[in-house]
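Here the structure is laid out as structure tokens; the discussion comes afterwards.
Predicted model only: the values in this text are computed from it and were never measured. Only heavy atoms go into these numbers, but all of them, side chains included; no hydrogens, no water, no symmetry mates. One-based numbering along the sequence shown.
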Amino acid sequence: IAVAKADYNHNFGKETQLEAGIKGTRSFFDNDVIVEDLTLEDWTADPALTSHFKLTEDVAAAYSTLSFKANAKTDIKVGLRYEYTSTNLGSVEQPNVVDRQYGSFFPSVFVGRKLSDVQQLNLSYSRRIYRPGFTQLAPYLIFYDPSTVQGGNPSLQPSFVHAVRADYRYKVVGLTMEYNFESPSIRD
């Protein structure tokens, strides 16, 4: 995994701050699986269970966040991130099993309100992405025993989540309510 990023911060007076940045990530995965059968004193690769796949994933992102005080008791933070992803998974025999490119915006809003010296209320909304992991995508098989097999699924798509959260604090006691809508779900 290779990562490069650059961040920028600027204060506008005492109450307002701008953050911005860019980030690039390149990930590589090399999955070489060989399953052999013993036939007449020679080991022979089983073509149905042997494969050599490579995955490359590039993610480029740019973001900006503005934080400010609406008044003495209210803090607000709004942000926007854009991500572009390019994923390719394939082998010599099966190139481009997964070949997808997509971009998306991810907004976020946070409002914090001090209700009293001992009470605080926070509300937030964000849109997020969950990408399938390399081991979830890789078309491999792992045999744990004669009846237990685990494998990847190259057809998995990323899921996008809308998350709404409310936090209430009284001194050191907190109450949190959260609702997440994930579509399509890739979680077990």
Side-chain angles (χ1 to χ4, degrees), residues 1-29 55-87 98 100-138 150 152-188:
I1 297 176
V3 178
K5 68 182 252 179
D7 292 316
Y8 173 78
N9 292 318
H10 184 78
N11 291 326
F12 298 95
K14 295 180 181 179
E15 307 295 329
T16 305
Q17 181 180 30
L18 173 69
E19 300 174 61
I22 57 173
K23 181 177 181 179
T25 305
R26 174 166 265 201
S27 304
F28 304 95
F29 181 77
L55 181 132
T56 303
E57 184 171 69
D58 296 318
V59 179
Y63 78 92
S64 182
T65 304
L66 184 65
S67 305
F68 59 94
K69 285 188 121 4
N71 56 46
K73 294 184 177 187
T74 307
D75 295 319
I76 299 175
K77 186 175 191 176
V78 294
L80 184 63
R81 186 175 85 251
Y82 177 78
E83 287 188 8
Y84 181 80
T85 303
S86 175
T87 306
V98 174
R100 64 176 77 116
Q101 294 80 35
Y102 55 92
S104 194
F105 286 97
F106 299 94
S108 62
V109 177
F110 170 85
V111 178
R113 174 86 176 166
K114 188 174 182 180
L115 303 174
S116 70
D117 288 340
V118 294
Q119 295 181 81
Q120 173 86 23
L121 179 63
N122 300 314
L123 303 171
S124 66
Y125 163 80
S126 64
R127 182 170 186 256
R128 304 175 191 150
I129 185 171
Y130 292 114
R131 291 181 189 81
F134 295 144
T135 56
Q136 291 174 297
L137 283 175
Q150 177 184 346
N153 179 358
S155 299
L156 286 177
Q157 298 289 324
S159 67
F160 296 89
V161 178
H162 295 273
V164 178
R165 181 178 176 135
D167 296 303
Y168 172 77
R169 290 223 170 265
Y170 179 77
K171 295 184 181 180
V172 295
V173 177
L175 173 66
T176 300
M177 293 188 310
E178 186 170 356
Y179 176 77
N180 294 312
F181 176 73
E182 181 177 357
S183 177
S185 180
I186 61 170
R187 297 180 182 272
D188 298 326

Handout entry: side-chain hydrogen bond (donor to acceptor under 3.5 Å, both in side chains) partners of Arg128, counting only residues at least two apart
Key = Ser126
Fill in the blank from the handout: Those residues at least two apart in sequence (or on a different chain) that pass side-chain hydrogen bond (donor to acceptor under 3.5 Å, both in side chains) with Tyr102 are none
Can you give the donor-acceptor pairs under 3.5 Å from side chains of residues 21-28 to other protein atoms, not counting sequence neighbours?
{"unit_1": "Arg26", "atom_1": "NE", "unit_2": "Asp58", "atom_2": "OD1", "d": "2.6"}
{"unit_1": "Arg26", "atom_1": "NH2", "unit_2": "Asp58", "atom_2": "OD1", "d": "3.4"}
{"unit_1": "Arg26", "atom_1": "NH2", "unit_2": "Asp58", "atom_2": "OD2", "d": "2.8"}

Fill in the blank from the handout: For Val164, the side-chain contact (heavy atoms from CB on, under 4.5 Å) test, sequence neighbours excluded, returns Tyr125
Practice task
Would you check if Ser67 and Asp75 make a side-chain contact, meaning some heavy-atom pair closer than 4.5 Å?
Solution key: no
Problem - Results of side-chain hydrogen bond (donor to acceptor under 3.5 Å, both in side chains) for Ser183 - residues two or more places apart only - result: none
Exercise for the section: Step through the shown structure and confirm whether more than 12 heavy atoms of other residues, nucleotides or ligands are within 6.0 Å of NZ on Lys73. Expected result: no
Completion exercise
With sequence neighbours left out, the residues meeting side-chain contact (heavy atoms from CB on, under 4.5 Å) with Phe110 are Lys77, Asn122, Ser124
Completion exercise
For Asn9, the side-chain contact (heavy atoms from CB on, under 4.5 Å) test, sequence neighbours excluded, returns Gln17, Glu19
Handout entry: Arg165 with Asp167: basic N within carboxylate O range, under 4.0 Å
Key = yes
Problem - Within 6.0 angstrom of Asn71 CG, more than 12 heavy atoms from elsewhere - result: yes
Completion exercise
Sequence neighbours excluded, the answer for salt bridge (Lys or Arg N to Asp or Glu O under 4.0 Å) partners of Lys114 is none
Problem - Test side-chain contact (heavy atoms from CB on, under 4.5 Å) applied to Leu115 - qualifying residues, sequence neighbours left out - result: Arg113, Gln119, Leu121, Tyr168
Practice task
Kindly compute the distance separating CG (Leu18) from OH (Tyr8), expressed to the nearest 0.5 Å.
Solution key: 7.0 Å
Handout entry: Counterpart residues, side-chain hydrogen bond (donor to acceptor under 3.5 Å, both in side chains), relative to Arg131 (two or more places apart)
Key = Glu83, Thr85
Exercise for the section: Measure the shortest side-chain to side-chain distance between Arg100 and Gln157 over non-hydrogen atoms and say whether it is less than 4.5 angstrom. Expected result: yes
Practice task
Would you indicate whether the side-chain heavy atoms of Glu15 and Phe68 approach each other to under 4.5 Å?
Solution key: no
Exercise for the section: Check ring-ring contact (aromatic ring centres under 6.0 Å, His included) between Phe12 and all other residues, then give those that pass, not counting sequence neighbours. Expected result: His10
Handout entry: Listed partners of Tyr82 passing ring-ring contact (aromatic ring centres under 6.0 Å, His included), at least two apart
Key = Phe105
